[in-house]
Engineer: 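I have a structure here, written as structure tokens, and I will follow up with some questions on it.
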Amino acid sequence: MESLPGADMAEVSSPSFNICNLYPTEPRVAHFDLYRLEGMEPDDALFDCLEDPATITVVEWIQYLPRKYWPDEAIFLEWTPSDTGRSLVLHAMGGTAQQALDALRTRREPHQEEQ
């Protein structure tokens with residue numbers, strides 16, 4: 001997030017106690033932590049952010065949100081313990097999300113020199 005315009009004005013912290021933090025970046029970032037919502041319905045702020053294409057919405061503990069509310073397009077980050085700390089696996093849901101992951105993969109792969 002620190003690379004986004006406006007990030008210098010954002011005080012980044014965990015939203016664990018207030019469920020959501022909104023950051024004054026361009027585009028706007030909404031960070032939700034749903035850990036304390038197990039078995040409860042989230043408020044409308046989550047749905048407003050999920051439906052707003054101009055907002056990057058980050059949701060921790062999405063498994064506490066009923067599946068029917070999950071977005072059609074999303075990139076899911078799965079953190080798992082490993083021998084060296086944690087491993088990260090990215091999963092795409094939807095065509096646009098898959099295109100974004102493919103673009104990241106292409107940028108990350110070393111380019112071979114033409115011979």
Side-chain angles (χ1 to χ4, degrees):
M1 184 173 85
E2 64 190 33
S3 300
L4 296 174
D8 57 333
M9 302 301 290
E11 185 176 326
V12 178
S13 63
S14 175
S16 295
F17 296 105
N18 57 350
I19 308 299
C20 176
N21 285 340
L22 296 174
Y23 298 107
T25 55
E26 283 296 324
R28 183 174 76 153
V29 173
H31 178 195
F32 290 85
D33 185 334
L34 303 183
Y35 183 74
R36 293 186 304 125
L37 289 184
E38 186 173 11
M40 297 175 6
E41 292 288 320
D43 69 23
D44 290 337
L46 173 63
F47 301 116
D48 292 344
C49 290
L50 285 175
E51 295 169 359
D52 181 0
T55 299
I56 296 173
T57 303
V58 178
V59 181
E60 294 182 69
W61 300 95
I62 198 166
Q63 65 267 31
Y64 293 124
L65 182 66
R67 184 80 159 118
K68 66 183 179 182
Y69 297 128
W70 288 23
D72 294 330
E73 293 284 343
I75 298 175
F76 291 92
L77 287 66
E78 179 183 7
W79 299 89
T80 56
S82 70
D83 293 340
T84 59
R86 291 189 285 177
S87 296
L88 176 64
V89 177
L90 303 173
H91 304 277
M93 284 186 62
T96 302
Q98 187 61 56
Q99 289 174 354
L101 286 185
D102 291 345
L104 287 172
R105 186 177 302 113
T106 300
R107 288 185 64 189
R108 190 167 184 270
E109 291 175 357
H111 296 284
Q112 295 181 358
E113 293 183 25
E114 292 184 22
Q115 299 187 24

Engineer: A side-chain contact here means heavy atoms from C-beta on lying under 4.5 Å apart; do Leu22 and Val29 qualify?
Structural biologist: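 No. Closest side-chain heavy atoms not under 4.5 Å.
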
Engineer: Report yes or no: does Glu78 contribute a side-chain atom to a donor-acceptor pair with the main-chain N or O of Val89 at less than 3.5 Å?
Structural biologist: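 Judged by distance alone, no pair lies under 3.5 Å.
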
Engineer: What is the distance from atom CD of Glu73 to atom CG of Leu50, rounded to the nearest 0.5 Å?
Structural biologist: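 Rounded to the nearest 0.5 Å, the CD-CG separation comes out at 13.0 Å.
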
Engineer: Mind checking whether Leu34 and Leu46 have side chains closer than 4.5 Å, heavy atoms only?
Structural biologist: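 A side-chain contact exists here, since the closest heavy-atom pair is under 4.5 Å.
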
Engineer: Taking C-beta and beyond as the side chain, do Leu101 and Ile75 meet within less than 4.5 Å on heavy atoms?
Structural biologist: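 Result yes, sub-4.5 Å side-chain heavy-atom pair found.
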
Engineer: First locate atom CD of Glu26, then atom CD1 of Ile56, and finally report the distance between them rounded to the nearest 0.5 Å.
Structural biologist: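 Between atom CD of Glu26 and atom CD1 of Ile56 there are 10.0 Å.
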
Engineer: Which heavy atom of Ala97 sits nearest a heavy atom of Ala92, and at what distance?
Structural biologist: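 For Ala97 and Ala92, the tightest heavy-atom pair comes out as C-CB, 3.8 Å.
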
Engineer: How long is the span from the OG1 atom in Thr96 to the CG atom in Asp72, to the nearest 0.5 Å?
Structural biologist: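 It is 10.5 Å, given to the nearest 0.5 Å.
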
Engineer: Is there a donor-acceptor pair under 3.5 Å between the side chain of Thr57 and the backbone N or O of Cys49?
Structural biologist: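 A pair under 3.5 Å: yes.
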
Engineer: Which distance, rounded to the nearest 0.5 Å, do you find between the NE2 of His31 and the CG of Asn21?
Structural biologist: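 Here the interatomic distance stands at 7.0 Å.
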
Engineer: Which residue pairs pass the ring pair (Phe, Tyr, Trp, His ring centres under 6.0 Å) test when at least one of the two sits in residues 69-106, sequence neighbours left out?
Structural biologist: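 Sorted result for residues 69-106: Phe47-Tyr69, Trp70-Phe76.
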
